[in-house]
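Right, one structure below, let's go through it.
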Amino acid sequence: LQLVESGGGWVQPGGSLRLSCAASGSTLDDYAIGWFRQAPGKEREEISCISKWGGRTDYQDPVKGRFTISRDNDRNTVYLQIDSLKPEDTSVYYCAAKAGGYCLGPPEFGSWGQGTQVTVSS
């Protein structure tokens, strides 16, 4: 399974972006997909996750109410709609896949994309 993120860029505070995580080499049906981000000098943090059929979505506190995760298994793609962007959202955003399809519990996320840069500034 290979994952490729896209959709990042520069945006002013309050703006929006939609990030995409496209899969190849396998279908996403059996995987939970998480979005992570890593800002310069900081550790990578998980910000959202969606279960294999989309029945469960999780968000960490910094992004609740502003970010929306969704998936289109027919297109083998997971999306992260990010709204009301703040300068502190500036990071490289990564998606990752977890076999088994559930956000909670093992195994760990195993397949990672290369990341897409999001920069929020005026």
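Everything numeric in this text was worked out from a predicted model, so none of it was measured. Numbers here are sequence positions counted from 1.
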Side chain of Y59, backbone of I69: donor and acceptor closer than 3.5 Å?
yes
State, with a plain yes or no, whether a side-chain heavy atom of Y31 is found less than 4.5 Å away from one of S26.
yes
On the six-membered ring of W53, is R71 placed so that its NZ or CZ lies under 6.0 angstrom from the centre and within 45° of the ring axis?
no
Check this for me, if you would: do E45 and R37 make a salt bridge, where the nitrogen-to-carboxylate-oxygen distance has to be below 4.0 angstrom?
yes
Test: K86 and D89 ion pair at under 4.0 Å
no
Would you indicate whether the side-chain heavy atoms of Q12 and L85 approach each other to under 4.5 Å?
no
Would a 4.5 Å heavy-atom cut-off, applied to side chains only, mark K98 and I33 as touching?
no
Partner of L28 under side-chain contact (heavy atoms from CB on, under 4.5 Å), picked from D72, L3, I50, T77, is L3
Residue pair L17 / V118, side-chain heavy-atom distance below 4.5 Å:
yes
Please step through side-chain contact (heavy atoms from CB on, under 4.5 Å) for the pair Q38 and S91, ending with a clear verdict.
CA-CA 5 Å; Q38 186 167 21; S91 291; 5.7 Å; no
Rounded distance (nearest 0.5 Å) linking atom CG of L104 with atom SG of C49:
7.5 Å
Closest non-hydrogen atom pair, L1 against A97:
CD2-CB, 3.4 Å
Check step by step if ring-ring contact (aromatic ring centres under 6.0 Å, His included) holds for F67 and W35.
CA-CA 11 Å; F67 289 16; W35 280 97; 9.6 Å; no
Can you confirm whether R44 sits close enough to W112 that some side-chain heavy atom of one is under 4.5 Å from a side-chain heavy atom of the other?
yes
Is D83 close to Q81 at the side-chain level, that is, under 4.5 Å between some pair of heavy atoms?
yes
Heavy-atom side-chain proximity of T116 to V92 below 4.5 angstrom:
no
In one Ile/Leu/Val/Met/Phe/Trp/Tyr side-chain cluster, 4.5 Å: F109, Y79
no
Please confirm whether the backbone N or O of G54 pairs with a side-chain atom of N73, one donor and one acceptor, at under 3.5 Å?
no
Counting only heavy atoms not in E108, do more than 12 sit closer than 6.0 Å to its CD atom?
no
Interatomic spacing from CD in Q2 to OG in S24 - rounded to 0.5 Å:
4.5 Å
Between atom CD1 of I82 and atom CG of L19, what is the distance when rounded to the nearest 0.5 Å?
4.0 Å
Just by distance, do the side chain of S51 and the backbone of R56 share a donor-acceptor pair under 3.5 Å?
yes
Spacing of CG belonging to N76 relative to CG belonging to D29, to within rounding of 0.5 Å
7.0 Å
For the residue pair P87 and P13, establish whether any side-chain heavy-atom pair is separated by less than 4.5 Å.
yes
In terms of hydrophobic clusters joined by side-chain contacts under 4.5 Å, are Y102 and I47 together?
no
I need the minimum non-hydrogen distance between G113 and Y94, along with the two atoms involved.
O-CD2, 3.7 Å
Separation of Q117 CD from Y93 OH (nearest 0.5 Å):
9.0 Å
Would you please test E46 and D58 for side-chain contact (heavy atoms from CB on, under 4.5 Å) and show each step?
CA-CA 10 Å; E46 182 178 350; D58 295 324; 5.9 Å; no
